[in-house]
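Here is the structure we will look at, set down as structure tokens.
Quick caveat: nothing in here was measured; it's all calculated off a predicted structure. Note on naming: letters A, B, ... go to the chains in the order of the sequence lines (proteins, then strands), and numbering restarts at 1 for each one.
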Amino acid sequence: MCHNSEMKHFSNARVAEILNEMAALSEMEGEAFKPRAYERAALSVEARTEPLAETLTTKGEKGLEEIPGIGKGIAAHLAELFATGDFAEHQRLRTKIPVNINELVAVEGIGPKTVKALWEKLKIKDLDALEKAARAGKLRDLPGFGARSEEKILKGIAFRRSAAGRLIIAAALPVARLLQQKIAAFPEVEKVEAAGSLRRMKETVGDLDFLVVSRTPTKTFKKIIAFPEVNAVLAAGDTKLSVRLELGIDMDIRAIPAASWGAALNYFTGSKTHNIALRARALKQGWSLNEYTLFPTEEALYKKLGLTYIEPELREMTGEIEMGEKGTLPSPIAYDALKGDLQSHSTWTDGARSIEEMAKAAHAAGLAYIGITDHTKGLAMTGGMNEQEFVEQAKEIDILNKKSKIKILKSAEVNIKKDGALDLADDALAKLDYAGASVHSHFDLSVKEQTRRLIRVCEHPLIDIIFHPTARILNKRPSITADWGEVFAAAKETGTVMEIDAAVERLDLHDELIKQAIGAGVLLSIGSDAHSPDGFAALRFGIAQARRGWAEAKHIINTRRVEEMLRLLKRNKKSTP
DNA sequence: GCCGTTTTCGGCCCGACTGTTTTCAGTCG
């Protein structure tokens, strides 16, 4: 039995990391099914809001077993982890191959088998050693490796490094909220807020910036230092505390007087270039703006500057000041504006839950309709469906729609082949309520080929939406390169909708391209890309990205009721003369 | 290692693509 006081601290994110490491380790062992089991468990843990430590304390191992993907085996491992700081099976496998697996497999194109070979033949443990070996041309001696593999790996490392130290917003936000709650609960604390890129809902954040109004700041700092989430103290003064979080990023906390809350919040929210422009504007008006200027609210600050209030997501110096001056800023889409979700998956392919369960979860998330967009046959890895299977799925959806509280739409995520052709026959596409298509391979075609490929999809009369258009994976795979001006022009011309995929590791389209697409007159959709009921929570991040791209509700088709949304789709429009 | 209104044991893992290969291993969502 473990008692709470003796329990080691592990956040859900950290547990998920360890489970993913177990997946890789058992993959190296040549296990066929265990890796998938560990991966599923990791996904499940990552998506959970309640800390596992709490589940374990209140409900014991049985409570852990209730989590989908966690059974007796993993529950026992986790109980051991929380009690002792590690578990025997993990230690046993790690001793065999003592390398930084998560760091290595994060490089695109490197998987567990490669990691194993790298360790056994070259004793490569981490990214630095891998880079050195690749530069020295040592990798090409390994079986199955050549000069091109080295090149590819070096490219992967470079991309990985350029992203290092930044967390995707979905990983940072829950921890920030938790820390905020804990600090807010201190009796001497009057106010606490997270500022910085997190408040601007940037796709990745490099650190957390907190502002706090406290009667006894040093006392507050002391208590923060004692948080289990804090790994090390970098600096601790009277007004500023800087710590390294277990999360892998730093956190700065600044104690400020309540009277300058607005100015400080504004200053520490950024962006830097936005702030510089505000300060220059103040100087022009004959006064000086800094974080200590006496503005209790941001609203008062913007008003004094002669600007309409500018939402944090818009503060990236892309014209917001000029428009704030003229009062022509867009009203960004509200966080509760979506009436439906247009991309989700079920057990028919790689989703974790049935259509019925996904529909129920979408309803619980406040949606009125949901599109089921399971994969097509070309993506065999996901169990992609053929034409006949779509017919069968349609029957199930018809039956569910008779009793479902929300409208379930028949759709598909059709795979786009190298040349822009699709892997599902037109007559199958015609039977759907709408169809989306997306790129899952051939990421590095030339700009010309990639552009032509996407335009060809736009020109298909039965593809209504292009899902995750750039195919990027945050911190892992760069966007495909295409002439987006040309692609958006074709989308506008053909009435093809571009998606903002809200999946936390995608956020695709991203802010800049969203703005460009809107400028080109293209309509957008926001899709959760949910593979489980938890997946709908991601919609929030898609909306944030839309706001950062200056999208208003009118630009996003699924802010409309289902009939109205469907009328906007290419397939339901009368052909223009 | 998980899961079960077809199963508490035997299913799960489907195939395209890449880079290296003369027949295949590894990655990917």
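- Salt bridge status for A:Lys34 with A:Glu39: absent, with no side-chain N to carboxylate O gap under 4.0 Å.
- Residues satisfying the ring pair (Phe, Tyr, Trp, His ring centres under 6.0 Å) criterion with A:His345, sequence neighbours excluded, are A:His375, A:His531.
- In this model, the phosphate group of B:dT27 is approached by a side-chain N or O of A:Thr114 to a distance below 4.0 Å at OP1 or OP2.
- Under the 4.0 Å criterion applied to side-chain N and carboxylate O atoms, A:Arg135 and A:Glu131 are assigned as salt-bridge partners.
- For A:Phe87, the ring pair (Phe, Tyr, Trp, His ring centres under 6.0 Å) test picks out A:His77, A:His90, with sequence neighbours left out.
- Shown here are the side chain to side chain donor-acceptor pair (under 3.5 Å) partners of A:Ser26, two or more places apart in sequence or in another chain: there are none.
- Judged as a side chain to side chain contact (heavy atoms under 4.5 Å, CB included), and not counting sequence neighbours, the contacts of A:Asp511 are A:Gln545, A:Arg548.
- Not one side-chain nitrogen or oxygen of A:His442 sits closer than 4.0 Å to the OP1 or OP2 atom of B:dA16.
- Taken residue by residue, residues 11-35 of chain A places heavy atoms nearer than 4.0 Å to DNA chain B at A:Ala32, A:Phe33, A:Lys34.
- Computed from coordinates, the A:Asn415 CG to B:dG29 P distance equals 11 Å when rounded to whole Å.
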Atom pairs, protein N/O to nucleotides 21-24 of chain B N/O, distance under 3.5 Å:
none

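- Nucleotides B:dG29 and B:dT21 have their P atoms positioned 25 Å apart, rounded to a whole Å.
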Any N/O pairs under 3.5 Å between the protein and nucleotides 7-10 of chain B? List them or say none.
none

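- Regarding A:Lys152, its NZ atom lies at a distance of 7 Å from the C1' atom of B:dT27, rounded to whole Å.
- Among B:dG29, B:dT27, B:dT20, the nucleotide with an atom closest to any side-chain atom of A:Arg36 is B:dG29.
- Comparing the P positions of B:dG11 and B:dA16 gives a spacing of 25 Å, expressed to the nearest Å.
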With a 3.5 Å cut-off and sequence neighbours excluded, list the donor-acceptor pairs that the side chains of residues 103-125 of chain A form with protein atoms.
residue: A:Glu103; atom: OE1; partner: A:Asn100; partner atom: ND2; Å: 3.2
residue: A:Glu103; atom: OE2; partner: A:Leu127; partner atom: N; Å: 2.7
residue: A:Lys116; atom: NZ; partner: A:Met28; partner atom: O; Å: 3.2

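- Using P as the reference atom, B:dC14 and B:dG19 are 25 Å apart when rounded to the nearest Å.
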Verdict with supporting geometry, A:Ile480 and A:Leu454, side chain to side chain contact (heavy atoms under 4.5 Å, CB included): CA-CA 11 Å; A:Ile480 57 173; A:Leu454 291 172; 4.2 Å; yes

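- Distances from the side chain of A:Glu108 to the nucleotides B:dC28, B:dG1, B:dT20 place B:dC28 closest.
- Distance from the side chain of A:His440 is smallest to B:dG29 among B:dG29, B:dG19, B:dC2.
- Within 4.0 Å (heavy atoms only), A:Gly383 reaches at least one base atom of the nucleic acid.
- Comparing B:dC2 with B:dT6, their P atoms are spaced 23 Å from each other, to the whole Å.
- Comparing B:dT27 with B:dC13, their C1' atoms sit 14 Å apart, to the nearest whole Å.
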From CA spacing to verdict: side-chain hydrogen bond (donor to acceptor under 3.5 Å, both in side chains), A:Thr376, A:Asn415: CA-CA 6 Å; A:Thr376 50; A:Asn415 190 41; 5.7 Å; no

If you look only at distance, which donor and acceptor atoms sit under 3.5 Å apart when one is on a side chain in residues 455-463 of chain A and the other is two or more places apart or in another chain?
residue: A:Arg456; atom: NH1; partner: A:Asp419; partner atom: O; Å: 2.9
residue: A:His460; atom: ND1; partner: A:Leu462; partner atom: N; Å: 3.0
residue: A:His460; atom: NE2; partner: A:Asp426; partner atom: OD1; Å: 2.9

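- In this structure, the nucleotide among B:dG29, B:dT27, B:dT20 sitting nearest to the side chain of A:Ser149 is B:dT20.
- With sequence neighbours left out, A:Trp484 forms a ring pair (Phe, Tyr, Trp, His ring centres under 6.0 Å) with A:Phe488.
- Within 4.0 Å (heavy atoms only), A:Glu389 reaches no atom of the nucleic acid at all.
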Dot-bracket summary - DNA chain B, pairs being Watson-Crick or G-U whose distances fall under 3.5 Å, with | when paired to another strand: ((((....))))..(((((....))))).

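- Legend: salt bridge (Lys or Arg N to Asp or Glu O under 4.0 Å) pairs involving residues 12-30 of chain A, not counting sequence neighbours, sorted by first then second residue: A:Arg14-A:Glu17, A:Glu21-A:Arg94, A:Glu27-A:Arg36, A:Glu29-A:Lys96.
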